[in-house]
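Below you'll find the structure, written out as structure tokens, and then a few comments.
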There are 2 protein chains.
Amino acid sequence: MAKELKELTRSEENYSQWYNDLVVKAGLAENSAVRGCMVIKPYGYAIWEKMHDALDRMFKETGHQNAYFPLFIPKSFFSKEAHHVEGFAKECAVVTHYRLKNDPEGGGVVVDPDAKLEEELIVRPTSETIIWNTYKNWIQSYRDLPILCNQWANVVRWEMRTRLFLRTAEFLWQEGHTAHATREEAIAEAERMIQVYRRFAEEWMSLPVIVGHKSPNERFAGAEDTLTIEALMQDGKALQSGTSHFLGQNFAKAFDVQYLDREGKLEYVWATSWGVSTRLMGALIMAHSDNNGLVLPPKLAPIHVAMVPIYRGPEQMAAVLERLGSLAEALRAKGLSVQVDDRDNVRSGFKFAEYELKGVPVRLAMGPRDLEQGTVELMRRDTLEKETVPQEGLVERIEGLMEEIQRNIYRKALAFRDSMITRVDTWEEFCEVLDTKGGFVSAHWDGTVETEVAIKEATKATIRCIPLDAEEEEGRCIHSGRPSHRRVLFARSY
Amino acid sequence: MAKELKELTRSEENYSQWYNDLVVKAGLAENSAVRGCMVIKPYGYAIWEKMHDALDRMFKETGHQNAYFPLFIPKSFFSKEAHHVEGFAKECAVVTHYRLKNDPEGGGVVVDPDAKLEEELIVRPTSETIIWNTYKNWIQSYRDLPILCNQWANVVRWEMRTRLFLRTAEFLWQEGHTAHATREEAIAEAERMIQVYRRFAEEWMSLPVIVGHKSPNERFAGAEDTLTIEALMQDGKALQSGTSHFLGQNFAKAFDVQYLDREGKLEYVWATSWGVSTRLMGALIMAHSDNNGLVLPPKLAPIHVAMVPIYRGPEQMAAVLERLGSLAEALRAKGLSVQVDDRDNVRSGFKFAEYELKGVPVRLAMGPRDLEQGTVELMRRDTLEKETVPQEGLVERIEGLMEEIQRNIYRKALAFRDSMITRVDTWEEFCEVLDTKGGFVSAHWDGTVETEVAIKEATKATIRCIPLDAEEEEGRCIHSGRPSHRRVLFARSY
């Protein structure tokens with residue numbers, strides 16, 4: 001098993017294999033018997049739970065409530081919003097029957113042909129349609145607005161090529177769906193929520209992101225505007241990490257949701273939706289990890305401190321474990337999660353490798369000499385630096401380290417990301433940067449879908465976003481040469 | 001709308017309609033456009049979240065971790081455990097296709113016949129099969145045991161007659177699935193978890209329950225023993241509120257899950273599973289509520305205190321709201337959830353009715369005279385008692401009241417439940433009690449499935465459980481007259 005731990009593919013050899021190895025060997029997730037569906041293992045789920053809890057608090061602080069809507073959506077609902085049906089009603093799981101029966105020929109169970117549904121049900125790929133069909137009954141007057149609901153749920157999109165966390169047929173997510181009396185209020189909501197995502201990425205995931213608008217071609221199916229947070233992975237590819245959509249009155253019109261305003265006039269309701277998913281797990285892993293394994297920001301780490309006793313014989317073991325136990329208690333009293341590893345069937349070197357693989361922020365090792373001298377060996381995962389420190393003041397030191405590691409991981413990712421934004425002004429440069437350096441390419445674009453599609457076909461790069469803070473700057477489109485008023489960010493992406 | 005609030009059907013007139021009215025009018029849940037699937041509305045979901053959080057803590061305190069397994073289960077998995085297939089592989093949602101396409105004849109979207117799955121997928125009705133198929137890869141030796149996993153998830157059982165929360169096609173639940181090296185350890189786990197459920201019901205839901213074994217006929221499909229908590233509703237019907245199953249080696253054998261024990265011998269693994277669902281919402285509602293609406297135990301109430309200002313004109317309103325605001329702050333500082341109702345478009349009488357309907361444990365009303373005299377009117381929802389109390393010391397008074405209400409609701413439910421357990425020794429008495437009084441009937445049973453089935457057919461009553469604390473007592477079966485060694489509890493049930 002120590003050997004198995006070492007068998008992490010090196011990222012520079014095969015990034016994609018390194019990622020998959022890491023997810024599986026660190027115990028985060030694995031493929032299941034159902035094509036494209038993953039099993040999220042306890043260690044991976046513990047990270048997701050911390051993401052869930054932090055996001056959920058942020059949603060509630062911004063006035064949102066949770067609710068729950070059906071897993072199934074009648075097929076006909078998808079046809080009601082013209083763009084939405086193009087984007088979502090295609091690759092999806094379709095329920096056609098509601099009963100199995102014993103095979104009369106003895107071959108186990110078979111689908112009962114008599115139990116065919118009159119109308120097929122779609123396993124939700126996203127819930128705008130069923131939710132707006134529901135909101136219709138909740139909204140009569142302006143006094144019923146705004147509605148600020150969020151749902152934590154599983155969704156299914158029948159992806160052909162899947163990758164753990166990044167693209168799976170079933171995934172977990174949250175989807176916010178809000179209803180407003182005015183266009184301005186809905187736009188403000190969509191902007192508020194993309195900033196919540198940005199703050200979550202930066203403060204919890206130590207992940208710098210660029211906030212911007214999607215180009216029309218990359219918008220959510222049914223949206224008038226899509227805001228996105230875009231992160232950069234260590235292989236130079238971008239990852240869309242969260243989106244917030246201003247849906248205009250599209251779904252209100254599709255499902256006939258109107259309200260009486262203060263003047264007694266009937267108006268269609270304005271909508272937003274916004275979501276992040278278990279894809280964030282992929283972003284977290286790929287942004288920070290190295291060839292030794294995961295690097296977790298302390299705020300999302302299921303275990304903050306791992307303690308490994310070094311000993312010969314049961315007497316030494318008992319003495320060291322006793323001291324570690326009382327240190328662990330002191331740390332737990334401060335809200336830190338501590339694992340004292342008293343396994344006697346694996347060597348300490350194996351344990352060290354395992355905690356590095358699992359990205360535990362701080363590892364302590366203590367032997368008989370440390371006991372005598374009142375010291376302990378401390379290693380921080382983000383820098384792999386080891387030092388021998390006094391046991392006295394250890395709790396404060398580790399509390400401080402947690403904040404320092406959280407910040408340091410962010411700084412490192414930010415420095416890398418900033419070094420990977422390249423301004424180019426010619427098509428030649430554009431292609432060269434994409435092929436040699438990767439990362440974000442900041443370039444002028446003429447604003448047309450044709451050009452965007454042509455660039456994608458030529459280079460596989462897409463417009464990741466038009467950054468919110470993009471400055472006015474006159475220039476010429478790197479592809480068509482036509483005039484442009486600001487730069488946008490291109491990248492190859494997941 | 002005030003009229004609408006009053007339109008709660010009286011429980012003595014039509015209990016079932018009263019329940020449905022209450023669920024809908026209190027804003028807990030409603031039926032959706034998909035047959036049998038409900039929408040859980042924000043107020044209802046807030047209660048479920050509190051249940052979730054409390055249970056999740058209790059699971060973690062007993063050493064369990066959360067994980068997530070696929071929504072879909074290959075059809076063939078159901079055939080692997082003989083009893084399980086009988087119980088679960090029948091009324092379920094079957095996914096047969098993975099793509100829709102535009103109708104070539106222009107009729108919206110249709111199922112693409114080319115996208116038929118080779119093997120149908122079943123939307124999980126429960127996850128033993130997919131989980132044990134996964135555990136197979138997680139377990140090699142005794143060192144990998146025990147596995148103590150829990151999953152929070154949605155499941156689907158295609159029920160023909162559905163009722164909000166009590167029986168819906170899709171519902172939310174948690175399912176624990178544990179794997180053990182020995183029979184004894186698995187039995188102890190199943191017992192531990194039914195006691196966790198009992199404690200949750202009593203301490204959080206203020207709901208007294210009887211813990212016992214199910215009779216063989218009422219066991220979970222695939223279990224060797226099923227433990228249950230049984231609660232009594234105010235109409236005298238029982239509600240199974242949670243179950244914990246000792247599964248023996250049935251699933252380990254079906255999915256070939258073996259481990260090497262300390263002596264190097266291959267053994268099959270022992271299993272348990274246990275679950276509670278959104279059905280608990282139904283239990284909570286039916287156990288405590290009255291003709292004015294919900295009665296919520298404070299530990300599960302989304303709003304602890306509602307404050308209603310009484311005033312004439314904006315000046316009085318401002319003065320009263322200011323005082324209420326500072327009282328609210330003081331209560332919130334103690335962790336209480338407070339709603340200050342400053343709506344000026346509804347009368348205070350309407351507000352009073354609404355908070356009664358929603359089961360808010362304490363309602364305060366304050367008018368100009370209260371301002372002068374330093375008092376406030378306080379009503380507790382459980383007893384509907386009103387009194388005028390000083391504002392001084394109000395926070396401590398309300399903190400104390402929360403505990404008192406939590407206990408009082410339990411005491412009341414317990415007194416009712418205890419008054420509804422009737423010992424009978426003849427068939428005549430048995431039928432009479434069921435038809436006139438209802439509740440639990442404690443009677444002798446000969447231990448056979450035939451008798452159990454005959455009693456059910458004759459009376460619609462089933463054996464709810466063989467209580468854990470049932471005393472040895474010689475007697476004769478009320479139906480067959482054959483010898484019996486202990487009493488069991490019968491009831492009509494949901």
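Bear in mind the structure is a predicted one, so any value in this text is a computation, not a measurement. The sequence lines fix the lettering, A, B, ..., with proteins before strands; numbering per chain opens at 1.
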Exercise. If you round to the nearest 0.5 Å, how far is CZ of B:R35 from CG of A:L117?
Worked result: 9.0 Å
Problem set entry | Aromatic ring pairing B:F72/A:W158, orientation class (parallel under 30°, perpendicular over 60°, tilted between) | tilted
Problem set entry | Toward chain B, the part of A:N66 with a non-hydrogen atom under 4.5 Å | both
Exercise. Is there a side-chain contact (heavy atoms from CB on, under 4.5 Å) between A:K116 and B:V94 once you walk through the steps?
Worked result: CA-CA 10 Å; A:K116 192 169 186 314; B:V94 186; over 6 Å; no
Problem set entry | Atom pair NE2 (B:H97) and CD1 (A:I122), whose distance is rounded to the nearest 0.5 Å | 11.0 Å
Exercise. Given that the side chain runs from C-beta out, which part of A:L121 has a heavy atom under 4.5 Å from chain B: side chain, backbone, both or neither?
Worked result: side chain
For this session: Calculate, to the nearest 0.5 Å, the distance between atoms OG1 and OH belonging to A:T278 and B:Y68 respectively.
Result: 9.5 Å
Problem set entry | Residue pairs passing the salt bridge (Lys or Arg N to Asp or Glu O under 4.0 Å) test where at least one lies in residues 51-72 of chain A, sequence neighbours excluded | A:D56-A:K60, A:K60-B:E49
Problem set entry | Residue-level interface, residues 136-153 of chain A with chain B, non-hydrogen cut-off under 4.5 Å | A:W138, A:R143, A:C149
Exercise. So which part of A:I131 gets closer than 4.5 Å to some heavy atom of chain B, the side chain, the backbone, both or neither?
Worked result: neither
Exercise. Does any heavy atom of chain B fall under 4.5 Å from the side chain of A:E119, the backbone, both, or neither of them?
Worked result: neither
For this session: Flag the pair A:F69 / B:E170 as yes when at least one side-chain heavy-atom distance between them is below 4.5 Å, and no otherwise.
Result: no
Exercise. B:V95 versus A:V156: any side-chain heavy-atom pair under 4.5 Å?
Worked result: no
For this session: Would you check if A:S32 and B:T134 make a side-chain contact, meaning some heavy-atom pair closer than 4.5 Å?
Result: no
For this session: Please report the shortest heavy-atom distance between A:V110 and B:K75, naming the atom on each side.
Result: CA-NZ, 3.9 Å
For this session: Sort by residue number and list every member of residues 38-46 of chain B having a non-hydrogen atom under 4.5 Å from chain A.
Result: B:M38, B:V39, B:I40, B:K41, B:P42, B:Y45
For this session: Please list, chain by chain and in numerical order, all residues satisfying salt bridge (Lys or Arg N to Asp or Glu O under 4.0 Å) with B:D112, sequence neighbours excluded.
Result: B:R99
Exercise. Top residue by heavy-atom pair count (under 4.5 Å) with chain A, among B:V111, B:I130, B:L172?
Worked result: B:L172
Problem set entry | Least distance between heavy atoms, B:C37 atom then A:P70 atom | CB-CB, 3.9 Å
Problem set entry | Enclosure of A:R347 CZ (heavy-atom neighbours >12, cutoff 6.0 Å) | no
